[in-house]
Amino acid sequence: MQKPTLPKGTRDFGPVQMARRNFIFDTIKSTFQQFGFMPLETPAMENLSVLTGKYGDEGDQLLFKILNSRPHEAKEVEKEKMQQEFTRLLAQNSNSSLLTEKGLRYDLTVPFARYVVMNRNDIAFPFKRYQIQPVWRADRPQRGRYREFYQCDADVVGTDSLLCEAEIVCMMNQVLTQLGITDFTIKINNRKVLTALAEMAGAPGQEGPLCVAIDKLDKIGREKVEQELAERGFSPESIGKLDPVFTMQGTFGEKIQQLQQLFASSETGREGVSELQEVMELVNGFGLQNPRLEFDVTLARGLSYYTGAIFEVKVNNVQIGSISGGGRYDNLTGAFGLPGVSGVGFSFGVDRIYDVMEELGIFPAHNAASTRVLLVAFDAEARKYALPVLRQLRQAGINSELYPDQTKMKKQLDYANAKSIPWVVLIGSDEMASGQLALKNMQTGEQQSVPVEGLIGKVSQ
RNA sequence: GAGGUUGUAGCUCAGCUGGUUAGAGCGUCGGUUUGUGGCACCGAAGGUCGCGGGUUCGAACCCCGUCUUCCUCCCCA
C-alpha cells in the first residue's frame, strides 16, 4: 500500500501546534472583541462570479476553482460543449460555468463584502465584524507561504472615519505585544499618495507598475528601481520627478511636511497626506507607549481594491513576509451592486505569526489546556474506586483522566511523562483500605497521602 | 509561470570513483524490576533507498521522466 500524503502547501496541526495556534487565535479574538467587533463565518466556497476580478490578474490566477460535480451525468450535447470549453481553458485562463462555477475563498474581505450586500437591510451600520477562517491560494509554497492558511480579519464598513484606521494600529500593537513580539514595524501609506505620485510623474493611472517598482527600494536600491521603472515604460523625466520619493527621510511628521510641499498642485495627493496626518494624530491621541508606526511612501500592496490607507506589519530581523496587512477600500461592495459603502479592514496571518514566534522561541511553555491529573489504578476494583474520584476532579474543573487499559505502572507513568501531566494519583488496595490516596508530583517525584477531599486543593495549586 | 534544490527506518542523518545480507543516533516495543517514571544495561521489531522507466554482469549511487521538499524571482498572509 502506498503511504498517504498531503496536498502541496497544506499541513496537519498536531496537539502541540494546536495549543500554540489556539493561543494566537484566542489573543487575536479577545482583542477584536474588546474593540467591538462581532464574529462572522462564511462558506469555504463562493460562486466564482463573487471572487473573480477582485484581486487583479495575479490574484485571479491563484484562485482554486472547483470542478462542477457529476460531469459524467451531463447530456451528450452538453458533454460536447464541455469538451470544447475545456480545450479553450487549456489555451487561456478564463472561466467556463459549464465546467466550474465555484471557487475556494481567496481572502475574507471579499466574502465579507458579499455578505454585507446580501444583508444590507438587516445590518446596523457602521458594521464591525471579525472573521477567523482558512483561505486558499494556488501559490507556489515557500517559507511562510502556504496554499491553505488562516486569516484573522477585522473590518468596519459604513463609515469613512479615520478613527477606524487609528484603531487598527492599536489592535496591531496590542495583539503582537500580548503575543510577546516586540520588535516590529507598522508601515502605513495611502493609495491617494501613490495616485498623485503617478500623476506627478506624468503617468496618470500607472500607479500599479510604479508601486511594484518603488516597493523594492529598500531591497534592491535606487539605481535598480530606476532601471525597472525605465523598463516599465517610464521616461527619464518622469523618473526625475520622483526624486523626492527616493530621498525622503525623517520622522513621520517631517515626511508628511515634505509631501505636502510636493503635492502643492495635486488635490488627491494633499488629501492622502492629510489623511495620513490625521491617523497619526489619532494614534497619538490614544497615548500608545510605542506605536511603532512608520510612514513608508514605497509601501504599495498588491490587492487592487484598496483606495485609501494601506497597512503592513513586518517583524524586524526575521526573514519572513508581512504578518499583517490591510487598508481602506471605498467601493468593494460596489462590485456587488451596493455603491457608496466605505470600509477598512486588516488581517493577521496566523501561520506566519506562528513561524515567527517559533523562530524567536517565545511560545509560553505551559499549556493550560492539557491534562493535570492522571489516575492510575492497579486492578479492576481500583478502577471502580477511581471513577467517582475522576468525576469529582472533573466537576472541580480539573482536566483529568484514568488510564484506559490495565497495564503495568511503568507504562502508565511513561504516559504521564509523555503528556507532561504534572500529577498522578495511584490507587491500589492500600489506598482503598485507608481512604488515603497516593498523590505523586511527577516533576519532583515526591509522593504524599491525601484523602479524596484533599485532592482537589493539592492539585489545583 | 521561470530557475535551482531535496527525497534512505517513526524522527535526524551516514552510505567511499556503481560491487555480497543498506548503517548509526534518537524514538518505539520487550526484559533486568508482576505497586512507582526520567538513569543504566541487555534484546527485538522496523526500509520494494519518493515513484516509473532506462544504462549495466551488477544501481541507494549514472541517465530520462514524474511527484515531493526547500530556496530565489514574480506575487503575497
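Throughout, a chain's letter reflects where its sequence line sits, starting with A, and its residues are numbered from 1. These numbers come from the heavy atoms of this one structure, side chains and all, not from hydrogens, waters or symmetry mates.
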Wobble G-U and Watson-Crick pairs count when both distances are under 3.5 Å; given that, what is the 5' to 3' dot-bracket string of RNA chain B, with | for pairing to other strands? ((((..(..((((.....[...)))).(((((.......))))).....(((((..]....))))))..))))....

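Here Gln151(A) lies in heavy-atom contact (under 4.0 Å) with sugar-phosphate atoms only.
A cation-pi contact, defined as under 6.0 Å to the ring centre and within 45° of the axis, is absent between Arg137(A) and Tyr55(A).
Contact between the side-chain N/O atoms of Gln412(A) and the OP1/OP2 oxygens of G37(B) is not found at any separation under 4.0 Å. Taking side-chain N and O atoms only, Lys440(A) has no distance below 4.0 Å to OP1 or OP2 of U36(B). Taking side-chain N and O atoms only, Lys411(A) has no distance below 4.0 Å to OP1 or OP2 of U33(B).
At a threshold of 4.0 Å, the pair Lys419(A)-Glu401(A) counts as salt-bridged, since one of the basic side-chain nitrogens sits closer than that to a carboxylate oxygen. In this structure, Arg292(A) does not pair ionically with Asp183(A), as no charged nitrogen and carboxylate oxygen lie closer than 4.0 Å.
Set against C74(B), G37(B), G35(B), the side chain of Met409(A) has G35(B) as its closest nucleotide.
Within the 3.5 Å criterion, the main-chain N or O of Thr42(A) finds a donor-acceptor partner in the side chain of Gln133(A).
A donor atom on one side chain and an acceptor atom on the other are not found under 3.5 Å apart for Asn331(A) and Thr307(A).
Taking the 5.5 Å centre cut-off and the 30° plane limit, the aromatic side chain of Phe348(A) is not classed as stacked on A77(B).
When the P atom of U33(B) is taken as reference, atom NZ of Lys410(A) falls 13 Å away, rounded to whole Å.
Spacing of P atoms, C64(B) relative to U5(B), comes out at 12 Å, to the nearest Å.
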